[in-house]
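Let me begin by presenting the structure, written as structure tokens, before commenting on it.
Keep in mind that the numbers below use all heavy atoms, side chains included, and drop hydrogens, waters and symmetry copies. Just so we're on the same page: letters track the sequence lines, and every chain starts at 1.
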Number of protein chains: 2
Amino acid sequence: MTKLTIQQIADIAGVNKATVSRVLNGNMNVSQKTQEKVEKVIREHNYVPNTIARGLAFNKTFTMGFCHDYTDKRAFANPFFYKMLQGIENVVYRNDYLFLMMSHPTGQQKKSMFERMVSEQRVDGIILPSTLLNDSSFQLLTANRMPFVVLGEKEFAHRNVHWVDVDNVQAAESLTERLIGLGHRRIWIFADRASIERDKFIQDRIAGYSNVMAGHGLPSFVVSRLESLLTKESGINDNSLLPDAVICCTHDQLFSILDEEKKEGSPAEFELATFDDNPLFQYLSKTVHYISIDLEQMGEQAATLLFKKINQEEDIPDMIRIPTS
Amino acid sequence: MTKLTIQQIADIAGVNKATVSRVLNGNMNVSQKTQEKVEKVIREHNYVPNTIARGLAFNKTFTMGFCHDYTDKRAFANPFFYKMLQGIENVVYRNDYLFLMMSHPTGQQKKSMFERMVSEQRVDGIILPSTLLNDSSFQLLTANRMPFVVLGEKEFAHRNVHWVDVDNVQAAESLTERLIGLGHRRIWIFADRASIERDKFIQDRIAGYSNVMAGHGLPSFVVSRLESLLTKESGINDNSLLPDAVICCTHDQLFSILDEEKKEGSPAEFELATFDDNPLFQYLSKTVHYISIDLEQMGEQAATLLFKKINQEEDIPDMIRIPTS
DNA sequence: GTGAAAGCGCTAACAC
DNA sequence: GTGTTAGCGCTTTCAC
């Protein structure tokens, strides 16, 4: 049994292939009787139309792509990343599209799958993480008139680029409120100096933290040196001068504190908090407070936005912020 | 600048589109002069042929797919998984194919992307993990004459299925040799009862371990209860009756031992060993010996095998075993 | 060596 | 309501 074509179905049903096409596409100009007859044949023969040919006729692929860089292991290690993919798929489904993933490894001489997919027009639109948006990928996308949506922090400034990102200010606010609610008063925030200047999301997190601290009449402390957090090296013995809780802006920082504690042998006397969950947390001796981000919603928003671009709708928001909980 | 077609290139170059096609496909029936002229136009206009149309003419997609189940987070959490994808891409490249990934989540009512990709013939072949091969996926693949290769342990017995797997016997042998080389003599192997009976890869690992132990005149101990490994509950105080090294057949078991040690507060006095690396290992207080598997090679082998099937070559091996180091 | 024309499987504009 | 035909962008006979 070789793959059936629309012509064969038409022959079996004793109609023209155009009629079969009409049935397939829910065109109303078909009599009840013919429709049922054709549907019966389709069902009995398990006929599935060839989307390649369909795409050629429509000049569409009915496919949405997601691009990742698998040299960036962090994303994949995060199980919530899959929640986001799930969110995208939900929306892709509703639009009867296919969803596929492709790679765009950094630092390769040959064309990445991303570059090929875009230049060969194998997808109607692409979702990509902000880490992959740079001059060259932007050029490629626009030169090929490929609609795209970016996930993550907005580093690459350009008009006509659409973003979906987490609301980091709000996230930091909620997290700080939570720690205060737990009775903490000497809450510090830990971020490295370079990223404070460079990364918008770090600045947002610090801003959210400061807002809440100020609102409660508490002082803010932004520290960027690991040593200042640890009793021994700071030489401070008076615990009241040290934090009772530390918010780490990134997971790397959180782990650096834990590593240091392990080396010193004695756990510092403060609680830890950070953004987003991590599968490692359950294996740690210390409890880590974190604020979780609804990545499924983030995926859904990104896909919805991309469909709007694909369908050339008006009034597309430049940026969507996902709240946290 | 809208997307160029072969016809436009032909017009610009002042030749027939068939000639352009011949140039694109390296057909030799083109004069040196014409060829250079056409190539120049192609280069100057950055023309990339539409693979969808190309595929329609060839009745091929020039695309290889990889299917995963993102409800199974283990695979993705393992950074070496990407080494495998890299291996696949290497081979896919050499064959001038595209490579894409799709999902096949378990327990969904609607058709998965995998099911759609297969039934709509969007790929020429598929690589899938053994966890996803079952009666229904097998049916679908064969009904659509879709070539496929399975990665991982051979659970689903069926003629005409091709597998690429790790050589678990050899892996266990190397690991055991290593531990003996480190001076260990009372080496035990830990595997849960159900999987000893059910899983071929566990049986292979135990076999490899037993071979080497026997070869050194040492006794083999296969244990499947956690308690028998831990001093306190076994009530044994004589350390010489307990192991000095334990090989865990799975990472789950390794972590169950670590959890138990943490609860008891005192680390057991034996070393741990297992198969395959894990990003968590560096965060553990205890050193874990492991044997690493060349997943890049595994990916390459799988893709090579799949191309052989796609090209309907003869003499395709049913199964390829990847050695470990 | 090159061009003209048919065809891959499908959709859509136009007849009837 | 249904059939006919042209065409999506490409490859591939088959002429010349």
Is the closest side-chain donor-acceptor distance between [X] and [Y] under 3.5 Å?
{"X": "B:Ser137", "Y": "B:Asn134", "result": "yes"}
{"X": "B:Thr51", "Y": "A:Arg122", "result": "yes"}
{"X": "A:Asp124", "Y": "A:Thr61", "result": "yes"}
{"X": "A:Asn59", "Y": "A:Gln121", "result": "no"}
{"X": "A:Gln139", "Y": "A:Asp135", "result": "no"}
{"X": "B:Gln7", "Y": "B:Asp11", "result": "yes"}

Round to the nearest Å and state the distance from [X] atom [atom1] to [N] atom [atom2].
{"X": "A:Phe62", "N": "D:dC8", "atom1": "CZ", "atom2": "C1'", "result": "12 Å"}
{"X": "B:Asn50", "N": "D:dC8", "atom1": "CG", "atom2": "C1'", "result": "9 Å"}
{"X": "B:Arg54", "N": "D:dC10", "atom1": "CZ", "atom2": "P", "result": "10 Å"}
{"X": "B:Lys3", "N": "D:dG9", "atom1": "NZ", "atom2": "P", "result": "12 Å"}
{"X": "A:Leu56", "N": "D:dC10", "atom1": "CG", "atom2": "C1'", "result": "8 Å"}
{"X": "B:Leu24", "N": "D:dT12", "atom1": "CG", "atom2": "P", "result": "11 Å"}
{"X": "B:Lys17", "N": "D:dT13", "atom1": "NZ", "atom2": "P", "result": "16 Å"}
{"X": "A:Gln32", "N": "D:dT2", "atom1": "CD", "atom2": "P", "result": "11 Å"}

Under 4.0 Å between a side-chain N/O of A:Thr34 and OP1 or OP2 of D:dT2, yes or no? yes

Below 4.0 Å: OP1/OP2 of D:dG1 and any side-chain N or O of A:Ser31: no

5'-most contact on DNA chain D (nearest-nucleotide basis), B:Gln7 vs A:Val15, goes to A:Val15

Contacted region of DNA chain C by chain A, from 5' end to 3' end of the hits, cut-off under 4.0 Å to heavy atoms, spans C:dG9 to C:dA13

Between B:Asn16 and A:Ile6, name the one whose nearest nucleotide on DNA chain C is closer to the 5' end. B:Asn16

Mapping B:Gly14 and B:Asn59 onto DNA chain C by nearest heavy atom, which one lands closer to the 5' end? B:Gly14

Calculate, to the nearest 0.5 Å, the distance between atoms CH2 and CG belonging to B:Trp163 and B:Leu305 respectively. 12.0 Å

Check every strand shown and say whether B:Asn29 touches a base, only sugar-phosphate, or nothing at a heavy-atom separation below 4.0 Å. base

